[in-house]
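Here's the structure we're looking at; comments come further down.
Order of appearance sets the numbers: ligands from 1, and atoms from 1 within every ligand.
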Amino acid sequence: MSLERALELALQYPLTKRTETLPLDDARGRVLAIPLASKVDDPRFDNSAMDGFAVRASDCSDLETVLTIVGTSQTGGEQPPTIVEGEACRIMTGAPLPQGADAIVMVEDTDVDGDQVSINGPARTGYIRKRAENLSRGQEALPAGTLLASASIALAGTMGHGEVEVIRKPKIAILSTGDELVQPGSDLAPGQIYESNSQALTSLVESMGCEAVRHESANDSMGELRTTLNSLSDCAAIITSGGVSMGEWDLVRKIMEEEGNIHFWRMKVRPGGPPLFGTWKNTPLFGLPGNPVSSLVVFHILVAPWIAKSLEYNEEMGLRLSQQVSVRLAEDVSGAPGKLCLRRIRITSENGELIATTHTHQGSGNIHSMIAHNGLTLLPPNTDGKAGDIIDALWFL
Ligand code: AMP
Ligand code: MG
């Protein structure tokens with residue numbers, strides 16, 4: 001099955017989008033559930049973009065203008081005095097424009113002597129920030145599905161929102177499977193290796209705006225798998241790693257075949273061919289391959305888009321792990337017969353274009369290759385990439 005078809009099928013069992021209202025202070029990193037409209041005009045009133053003097057432009061056409069200072073306009077202060085012909089008002093950046101003024105002279109272009117100011121530079125209307133020139137009251141400046149990161153959370157604040165309705169984090173269970181797996185930090189017996197996928201998957205699940213519930217890895221035993229899977233019924237989805245290939249000990253596949261519901265098994269991608277998707281007692285379950293690179297790659301290309309689409313993240317402004325770009329290959333990269341080929345590449349910007357290089361060997365067990373690189377090729381099935389070709393790629397954000 002193609003990746004596109006696999007995603008389509010998985011989306012027939014989406015996560016349920018639930019929402020909650022949070023103080024803005026607790027909403028960093030969360031995703032807006034509904035569009036956010038401004039409660040105010042921004043700016044709220046005509047104000048100065050410079051420290052200087054508010055003047056009437058028509059008073060300042062002579063080179064040697066001297067005006068009388070009649071007051072000061074301060075930020076957060078009272079309404080400044082109105083000015084008439086021959087007068088100027090001191091003004092701070094952001095302070096309201098006095099009635100009668102239509103231009104600002106920068107403080108650097110003035111000389112003050114008592115209550116007189118001589119104007120030595122231009123009086124500019126462009127130094128006035130007009131009411132509502134950024135946003136009008138009622139304008140929906142943040143669409144639903146926007147990640148509340150630095151600028152968007154600042155904009156939510158600017159628009160007057162002390163609390164925001166965000167998408168509630170669905171709980172997603174992470175379960176590694178394999179008799180050989182031991183938690184890092186303990187001693188290894190012969191044949192054992194350190195378990196690492198659950199850490200990677202937990203991190204990815206959290207990066208996609210969900211709450212990860214990481215479980216101790218399960219042994220390759222039908223009984224243990226059954227008990228563990230049954231204990232995860234309070235989770236919105238389950239992600240397992242390992243045990244989904246063709247082998248006799250690939251028990252996640254076996255238990256899903258016999259006791260769960262498999263909606264698809266295997267995708268035409270490399271690496272990461274054997275994932276399955278199904279439901280365990282109505283809970284969507286992704287069975288990711290155990291090879292460390294494969295499990296991460298399948299998360300990136302299948303699970304992350306499933307979460308993003310289920311929860312209606314905005315494609316541009318929502319949470320995402322990667323961005324599709326065009327890259328120029330610096331070297332030949334072989335594709336895969338009949339499969340979308342996801343070679344790890346390092347993408348760098350050189351002379352105005354994105355260049356892709358490879359650095360380590362590409363084995364699906366080599367997790368270091370996900371560190372030495374920052375992207376994946378999207379080489380269509382049966383297509384080799386030649387040095388100099390421009391191809392599609394995913395760039396990890
Ligand atoms: P499997 O998909 O269960 O056949 O596992 C494929 C390969 O990935 C084997 O070499 C496993 O030892 C390894 N592996 C499986 N699960 C993990 C894990 N959670 N952490 C690290 N390596 C794993
Ligand atoms: Mg295994």
Side-chain angles (χ1 to χ4, degrees), residues 1 3 6 172-207 212-229 231-232 235 237-260 262 264-278 280 285-304 336 339 342 344 360-373 376:
M1 150 153 348
L3 171 62
I172 299 190
I174 314 279
L175 177 66
S176 290
T177 69
D179 285 338
E180 74 281 30
L181 304 176
V182 173
Q183 287 308 304
S186 33
D187 292 336
L188 292 172
Q192 293 185 325
I193 62 166
Y194 290 125
E195 195 280 314
S196 59
N197 291 350
S198 68
Q199 298 291 353
L201 293 170
T202 296
S203 165
L204 289 170
V205 160
E206 288 176 349
S207 305
V213 186
R214 195 180 140 263
H215 287 263
E216 284 287 296
S217 55
N219 285 314
D220 292 318
S221 127
M222 291 290 270
E224 189 171 331
L225 274 177
R226 187 181 302 113
T227 311
T228 310
L229 290 176
S231 75
L232 305 179
C235 288
I238 302 169
I239 300 176
T240 64
S241 92
V244 289
S245 308
M246 309 282 273
E248 205 174 317
W249 291 103
D250 287 321
L251 297 185
V252 174
R253 178 182 51 77
K254 189 152 179 252
I255 202 167
M256 285 296 288
E257 254 166 25
E258 294 176 4
E259 301 173 34
I262 295 189
F264 68 79
W265 177 46
R266 299 205 280 186
M267 296 193 309
K268 291 187 169 148
V269 299
R270 176 182 290 169
L276 66 75
F277 174 80
W280 178 267
L285 181 148
F286 286 90
L288 305 188
N291 275 310
V293 171
S294 309
S295 64
L296 260 75
V297 165
V298 175
F299 190 98
H300 275 282
I301 61 171
L302 179 68
V303 187
K339 293 180 173 179
L342 306 150
R344 273 124 281 156
T360 63
H361 89 84
Q362 298 267 332
S364 60
N366 181 17
I367 190 66
H368 182 230
S369 69
M370 292 294 282
I371 302 302
H373 300 96
L376 299 172

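- In terms of heavy atoms, Cys235 sits closest to Val213 at SG-CG2, 4.4 Å.
- If you look at Ser241 next to ligand 1, the close heavy atoms, those under 4.0 Å, all belong to the side chain.
- Within the 4.5 Å cutoff, the side chain of Leu296 has no heavy atoms near those of the Leu288 side chain.
- The contact set between ligand 1 and Ile193, taken as ligand atoms under 4.0 Å from a residue heavy atom, comprises 12 (O), 22 (N).
- For atom 19 (N) of ligand 1, the nearest protein heavy atom (residue, atom name, distance) is Glu195 OE2, 2.9 Å.
- If you check which protein heavy atom lies closest to atom 17 (C) of ligand 1, you get Asn197 ND2, 3.3 Å.
- Of all atoms in ligand 1, numbered sequentially from 1 with element shown, those under 4.0 Å from a heavy atom of Ser176 are 19 (N).
- Looking at heavy atoms from C-beta onward, Ile172 lies out of side-chain contact with Leu201 at the 4.5 angstrom threshold.
- Atom 6 (C) of ligand 1 has Asn291 N, 3.6 Å as its closest protein atom, hydrogens excluded (heavy atom only).
- For ligand 1, the polar-atom distance check against Pro292 finds no nitrogen or oxygen pair separated by under 3.5 Å.
- Put simply, the residue from Ile238, Thr202, Leu232 that forms a side-chain contact (heavy atoms from CB on, under 4.5 Å) with Ile174 is Thr202.
- A donor and an acceptor atom, one from each side chain of Glu195 and Ser217, are nowhere located under 3.5 Å apart.
- Using a distance-only test at 3.5 Å, with no hydrogens or angles considered, a donor-acceptor pair links the side chain of Asn197 to the main chain of Gly290.
- For Phe286, the ring-ring contact (aromatic ring centres under 6.0 Å, His included) test picks out Phe277, Trp306, with sequence neighbours left out.
- Of the protein's heavy atoms, Glu180 OE2, 4.1 Å lies nearest to atom 9 (C) of ligand 1.
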Between side-chain atoms of residues 179-190 and protein atoms elsewhere (two or more places apart, or another chain), which donor-acceptor pairs fall under 3.5 Å?
{"unit_1": "Asp179", "atom_1": "OD1", "unit_2": "Asp220", "atom_2": "N", "d": "2.7"}
{"unit_1": "Gln183", "atom_1": "OE1", "unit_2": "Arg214", "atom_2": "NH2", "d": "2.8"}
{"unit_1": "Ser186", "atom_1": "OG", "unit_2": "Gln183", "atom_2": "O", "d": "2.6"}

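- Annotation: Ser198 places no N or O atom under 3.5 Å from an N or O atom of ligand 1; distance criterion only.
- Contact annotation: Gly243 has at least one heavy atom less than 4.0 Å from an atom of ligand 1.
- Note: an N/O pair closer than 3.5 Å links Ser196 and ligand 1 by distance alone.
- Between Tyr194 and ligand 1 there is a heavy-atom distance shorter than 4.0 Å.
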- Message: Before you tell me yes or no, could you show the steps for Arg253 and Arg266 under side chain to side chain contact (heavy atoms under 4.5 Å, CB included), namely the whole-Å CA-CA distance, both residues' side-chain angles and the distance that decides it to 0.1 Å?
- Response: CA-CA 11 Å; Arg253 178 182 51 77; Arg266 299 205 280 186; over 6 Å; no
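- Atoms of ligand 1 found under 4.0 Å from any heavy atom of Asp250 (numbered from 1 in listed order, with element): 4 (O).
- Ranking the protein heavy atoms by distance from atom 14 (N) of ligand 1 puts Gly290 O, 3.3 Å first.
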